[in-house]
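Encoded as structure tokens, the structure appears first; notes follow it.
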Amino acid sequence: SVGDEVEAVVDKSRAEVEKHHSATHLLHAGLREVLGAHIAQAGSLNDDKRLRFDFSHPQAMSAEEIAKVEAWVNEKISRAIQAKTDVMSIEEAKKTGAMALFGEKYGDEVRVVSMGDASVELCGGTHVNNVSQIGLFMITKESGVSAGVRRIEAICGNAAIEAVKTLRDELNEVKAEVKNVNPLVGIAKLKEQIKTLKTEVATAQTATKKELTPTMLKEVNVIVEEVDTGDIKTLIDEAKNKYPNVAIMLFQKKGDKVMIACGSKETPIKAGDWIKQIAPILGGGGGGRPDFAQAGGKDASKIPEATQKALAYLEENL
Ligand SMILES: [Zn+2]
């Protein structure tokens, strides 16, 4: 009743919805400005934290086009254009050049929302009084919806401020993690360190490389062993260069799997035949030439058995 106290509360989220909705008007106009007059709205959704605008366009927007549209909208915002709503007949509205939705039914009287000469559109929604209220406008994503329809997602107002704050916080975390005020310099330094460490590891592996010593079997230098480090193909080449009459098979664990390689030089053993007998023990297969063959296996626990069988094969075939 008269005299009662009432409390009027401005719904902040309502104001944020108005900002996103009003930004959609500018975005629509900006897209037509940058991409051409063929741009027509195919769908629009906005709330207090984001806006989504679907429109007809035959291909994905380039990064440059996206930047141009974003800059166009922000330039209009910075000009603090007053928004104006007029009710007029549809004929009068057409004369103003207002953008209307194709195929949409309008009554005799329509609402024309204009933001200076930046945007004139038929719309029944609620808007900001002045485009400067929209604040910062940021396009967050451009994607395809269906053939010939693209989608832009964007933020403005408080949502844009929050997004920038998040970016700043994340960047500060990155700076702290890479221990450099310039994160790119920090990352470049880390990459350089990784490169150095890789070289050091490779050097260390070569230095600790096991000396492969052959045993004599029927005047053939025999090496059948599991090796932890070093490239087994290289080790086989080295043994073949170092010794005459050599039959060599090496196993190396790679995680759960096993790499197998073997070589034969100046012996009756054919490497390809030899490995075909041994690889299945390790749950694998492979083959190769008489002088060199390789295979992969799946069961590293069978390496001792494979070693025994490889030696037995030589006993029989040498
Ligand atoms: Zn509107």
Side-chain angles (χ1 to χ4, degrees), residues 174 177-179 183-318:
V174 172
E177 281 295 322
V178 302
K179 295 187 172 61
L184 291 178
V185 172
I187 289 165
K189 281 185 178 171
L190 284 175
K191 280 179 163 175
E192 200 53 45
Q193 278 180 15
I194 290 168
K195 217 166 126 187
T196 310
L197 288 171
K198 275 186 176 170
T199 312
E200 282 178 15
V201 168
T203 312
Q205 278 185 344
T206 312
T208 57
K209 198 163 69 185
K210 201 161 147 188
E211 195 60 40
L212 297 172
T213 312
T215 52
M216 291 307 285
L217 178 67
K218 300 179 190 165
E219 287 164 5
V220 169
N221 290 289
V222 169
I223 302 169
V224 177
E225 272 186 53
E226 179 186 350
V227 292
D228 300 326
T229 57
D231 176 54
I232 56 174
K233 285 179 238 170
T234 309
L235 290 171
I236 287 171
D237 282 341
E238 284 171 3
K240 279 157 81 178
N241 288 335
K242 196 167 173 185
Y243 305 106
N245 313 89
V246 57
I248 174 169
M249 182 175 284
L250 300 177
F251 306 96
Q252 191 170 56
K253 281 183 202 159
K254 293 276 175 190
D256 304 337
K257 302 205 165 93
V258 191
M259 278 172 53
I260 317 152
C262 69
S264 171
K265 182 182 122 185
E266 295 150 15
T267 83
I269 300 297
K270 289 189 170 63
D273 294 343
W274 190 18
I275 210 161
K276 271 183 200 154
Q277 298 300 313
I278 305 307
I281 299 166
L282 297 156
R289 307 183 309 253
D291 61 332
F292 179 79
Q294 56 187 330
K298 295 186 204 88
D299 188 356
S301 72
K302 297 277 169 56
I303 290 177
E305 188 189 334
T307 306
Q308 276 185 5
K309 294 273 165 65
L311 287 167
Y313 180 92
L314 295 180
E315 295 267 9
E316 279 174 38
N317 293 283
L318 279 175

Examine distances only and state if a side-chain atom of Lys254 and a backbone atom of Met259 form a donor-acceptor pair shorter than 3.5 Å.
no
Give, for atom OG1 of Thr267 and atom CD of Glu219, the distance between the pair rounded to the nearest 0.5 Å.
12.5 Å
Heavy-atom neighbours of Lys253 NZ exceed 12 at 6.0 Å:
no
So does Val246 get a backbone contact from the side chain of Lys265, meaning a donor-acceptor N/O pair under 3.5 Å?
no
Side chains of Met216 and Val222 in contact at under 4.5 Å (non-hydrogen atoms):
no
More than 12 heavy atoms from other groups under 6.0 Å of CD on Glu305:
yes
Smallest separation among heavy atoms of Trp274 and Ala310, with atom names
NE1-O, 3.3 Å
Report the distance from atom CD1 of Ile232 to atom CG of Leu212, rounding to the nearest 0.5 Å.
11.0 Å
Hey, is the main chain of Asp228 close enough, under 3.5 Å, to the side chain of Gln252 for a donor-acceptor pair?
yes
Can you name the closest pair of heavy atoms from Ala271 and Asp291 and give their distance?
CB-C, 3.9 Å
Side chain Ser264, main chain Ala247, donor-acceptor under 3.5 Å
no
Nearest non-hydrogen partners of Gly285 and Ala295, listed with the distance
O-CB, 3.3 Å
For Glu266, does its backbone N or O pair with a side-chain atom of Asn245 as donor and acceptor, under 3.5 Å?
yes
Reported NZ-to-NZ distance for the pair Lys179 and Lys189, which is rounded to 0.5 angstrom:
12.0 Å
First locate atom CD1 of Ile281, then atom CD1 of Ile260, and finally report the distance between them rounded to the nearest 0.5 Å.
9.0 Å
Minimum heavy-atom separation for Pro244 and Asn221, please, with both atom names.
O-ND2, 2.6 Å
Which is it for Thr196 and Gln193 under the side-chain contact (heavy atoms from CB on, under 4.5 Å) test, yes or no, and what are the steps along the way?
CA-CA 5 Å; Thr196 310; Gln193 278 180 15; 5.5 Å; no
Looking at Gly283, is its backbone amide N or carbonyl O close enough to the side chain of Lys298 to form a donor-acceptor pair, meaning the two atoms are under 3.5 Å apart?
yes
For the pair Val220 and Leu314, evaluate side-chain contact (heavy atoms from CB on, under 4.5 Å) and give the outcome as yes or no after the intermediate values.
CA-CA 10 Å; Val220 169; Leu314 295 180; over 6 Å; no
Give a yes or no on whether a salt bridge exists between Asp231 and Lys233, defined as a side-chain N under 4.0 angstrom from a carboxylate O.
no
To check you understand the geometry: which heavy-atom pair defines the closest contact between Ile275 and Met249, and what is its length?
CA-CE, 4.1 Å
Go through the steps to decide whether Asp299 and Val258 satisfy the test side-chain contact (heavy atoms from CB on, under 4.5 Å), and finish with yes or no.
CA-CA 7 Å; Asp299 188 356; Val258 191; over 6 Å; no
Can we say Glu238 and Lys242 salt-bridge, meaning some charged N sits less than 4.0 Å from an Asp/Glu carboxylate O?
no
Look up atom CD1 in Ile236 and atom CZ in Phe292, then write down how far apart they are to the nearest 0.5 Å.
5.0 Å
So CD of Glu177 and CG of Leu190: to nearest 0.5 Å the spacing works out to 10.0 Å
Please indicate whether Lys302 has more than 12 foreign heavy atoms, meaning atoms of other residues, nucleotides or ligands, lying under 6.0 Å from its NZ.
no
Check the surroundings of atom CG in Asp256: do more than 12 heavy atoms from other residues, nucleotides or ligands lie under 6.0 Å from it?
no
Starting from the C-alpha separation in whole Å, work towards a yes-or-no answer on side-chain contact (heavy atoms from CB on, under 4.5 Å) for Phe251 and Thr307.
CA-CA 9 Å; Phe251 306 96; Thr307 306; 3.7 Å; yes
